[in-house]
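Data block below; observations after.
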Amino acid sequence: MNPILLDLGIVKIYWYSVMILLGLLIGGWLILNESKRFGISEDFIINLFFFAVPISILGARLYYVAFNWAYYSTHLSEILMIWEGGLAIHGGMLFGLLWVIFYTKKYKVNTYRILDMIVVGLIIGQAIGRWGNFFNGEAHGGITTLEHLQQLHLPEFIINGMYIDGNYYLPTFLYESIWNFIGFIILLIV
């Protein structure tokens with residue numbers, strides 16, 4: 001699978017970036033809709049996200065670097081090279097959560113209500129973002145066989161994308177994406 005969506009020579013646009021941006025936009029739109037339903041100002045949500053996005057990206061990078069410190073301790077100049085890859089959603093969620101708590105306490109808005117709204121966008125954003133992992137050929141499961149993947153009745157492009165470095169792998173990105181979509185639908189119903 002080619003991780004580059006568009007190569008303009010000087011600039012390359014990666015599938016992963018597009019999927020993350022798409023997840024962010026759709027998730028943000030859903031959160032704005034939820035805020036209207038609960039009478040929370042659109043300006044409050046936009047200002048919250050204006051800082052939450054870069055703080056979450058920073059958290060995702062710091063988390064990744066911390067768990068790969070054996071490498072980064074001898075390559076300090078690469079710590080900030082986010083364009084080289086290396087983000088961890090766990091760190092992004094942790095730093096984002098800390099920002100939401102700080103911001104809602106500062107403006108005396110119900111933190112739990114905001115988190116309840118954000119989880120809807122977060123789940124769908126994660127479902128979309130996992131497809132970036134597919135295009136990067138990462139975050140997959142264990143080694144399997146072509147026959148096993150075919151028995152799962154997966155589309156051919158997914159089976160082909162799971163052939164990485166001479167082996168077929170389980171498409172755990174797809175499983176997580178599907179479960180997130182199911183979780184999203186359940187949240188909409190409830």
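Along the sequence shown, residues are numbered consecutively beginning with 1.
Proximity of a side-chain donor or acceptor of Thr104 to a complementary backbone N or O of Ile114 within less than 3.5 Å is not detected. Of the possible donor and acceptor atoms, one in the side chain of Ser35 sits under 3.5 Å from a partner among the backbone N and O of Leu32. The backbone N or O of Glu176 sits nowhere less than 3.5 Å from a side-chain atom of Arg130 that would complete a donor-acceptor pair.
Hydrophobic clustering (side-chain heavy atoms under 4.5 Å, transitive across Ile, Leu, Val, Met, Phe, Trp, Tyr) keeps Leu97 apart from Tyr112. Residues Val18 and Leu25 do not share a hydrophobic cluster, defined by chaining ILVMFWY side chains whose heavy atoms lie under 4.5 Å apart. Hydrophobic cluster membership is shared by Leu22 and Val120, with clusters built from Ile, Leu, Val, Met, Phe, Trp and Tyr side chains linked at under 4.5 angstrom. Under a hydrophobic-cluster definition in which Ile, Leu, Val, Met, Phe, Trp and Tyr are linked whenever side-chain heavy atoms come within less than 4.5 Å, directly or via other members, Tyr64 and Ile82 are assigned to different clusters. Transitive grouping of hydrophobic side chains (ILVMFWY, heavy atoms separated by less than 4.5 Å) keeps Leu98 and Ile89 in distinct clusters.
In this structure, CG on Leu152 lies 12.0 Å from CE on Met162, to the nearest 0.5 angstrom. Distance check: Ile101 CD1 to Leu115 CG gives 6.5 Å after rounding to the nearest 0.5 Å. Between atom CG of residue Leu87 and atom CG of residue Leu62 there is a gap of 10.5 Å, rounded to the nearest 0.5 Å. In this structure, Leu24 CG and Leu122 CG are separated by 10.5 Å, a value rounded to the nearest 0.5 Å. The CD1 atom of Ile123 lies 9.0 Å from the CD1 atom of Ile186; values are rounded to the nearest 0.5 Å. In this structure, the separation between CD1 on Ile124 and CG on Leu30 is 7.0 Å, given to the nearest 0.5 Å.
Counting heavy atoms from C-beta on, the side chains of Ile13 and Ile4 never come closer than 4.5 Å. Proximity of Tyr71 to Val65: side-chain heavy atoms (C-beta onward) are nowhere separated by under 4.5 Å. By the 4.5 Å heavy-atom criterion applied to side chains, Gln150 and Thr145 are not counted as neighbours. Considering only heavy atoms from C-beta on, Ile20 stays 4.5 Å or farther from Ser17 through its side chain. Counting heavy atoms from C-beta outward, Glu42 and Lys36 have side chains that approach closer than 4.5 Å. Inter-residue side-chain proximity for Phe134 and His140 is flagged as unmet; no heavy-atom pair is nearer than 4.5 Å.
Nearest heavy atom pair, residue Tyr168 against residue Leu149, reads CD2-CD1, 3.6 Å. Nearest approach of Pro171 to Leu154, heavy atoms of both residues: CG-CD1, 3.8 Å. Here the closest heavy-atom approach between residue Ile164 and residue Tyr169 is recorded as O-CE1, 3.4 Å. A pairwise comparison of heavy atoms in Val100 and Ile118 identifies CG2-CD1, 3.7 Å as the closest pair. Closest of all the heavy-atom pairs between Gly23 and Ile128 is N-CG2, 3.8 Å. Here the shortest heavy-atom pairing between Ala127 and Ser177 reads O-OG, 2.9 Å.
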Return all side-chain donor-acceptor pairs below 3.5 angstrom for residues 49-59, not counting sequence neighbours, or 'none' if the list is empty.
from, atom 1, to, atom 2, distance (Å)
Ser56, OG, Ala52, O, 2.8
Ser56, OG, Gly92, O, 3.3

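The aromatic ring centroids of Phe135 and Tyr14 lie 6.0 Å or more from each other.
Among residues two or more places apart in sequence or in another chain, the side chain to side chain donor-acceptor pair (under 3.5 Å) test is passed with His148 by Thr144. With sequence neighbours left out, the side chain to side chain donor-acceptor pair (under 3.5 Å) criterion links Trp99 to no other residue. Residues satisfying the side-chain contact (heavy atoms from CB on, under 4.5 Å) criterion with Phe67, sequence neighbours excluded, are Tyr63. Evaluation of the side chain to side chain donor-acceptor pair (under 3.5 Å) rule for Asn136 yields Glu138 as partners, not counting sequence neighbours.
Between Trp131 and Phe173, the ring planes are perpendicular. Angles over 60° get that label, and only those under 30° would be called parallel.
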As a quick check of understanding, evaluate side chain to side chain contact (heavy atoms under 4.5 Å, CB included) for Ile45 and Met117, giving each step before the final call. CA-CA 10 Å; Ile45 297 297; Met117 291 173 7; 3.6 Å; yes
Could you walk me through whether Asn47 and Tyr103 satisfy the side chain to side chain contact (heavy atoms under 4.5 Å, CB included) test, starting with their C-alpha distance in whole Å, then the side-chain angles of each, then the deciding distance to 0.1 Å, before giving a yes or no? CA-CA 9 Å; Asn47 289 333; Tyr103 192 78; 3.0 Å; yes
Evaluate the side chain to side chain contact (heavy atoms under 4.5 Å, CB included) criterion for residues Trp69 and Ile79: first the C-alpha distance (whole Å), next the side-chain angles of each, then the deciding distance (0.1 Å), finally the verdict. CA-CA 10 Å; Trp69 187 244; Ile79 289 176; 3.9 Å; yes
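Atom CD1 of Ile46 is surrounded by more than 12 heavy atoms from other residues, nucleotides or ligands within 6.0 Å. The number of heavy atoms from other shown groups lying within 6.0 Å of NE2 (His90) does not exceed 12.
Evaluation of the salt bridge (charged side-chain N to carboxylate O under 4.0 Å, His left out) test over residues 95-118, restricted to residues two or more places apart or in two chains, returns Arg113-Asp116.
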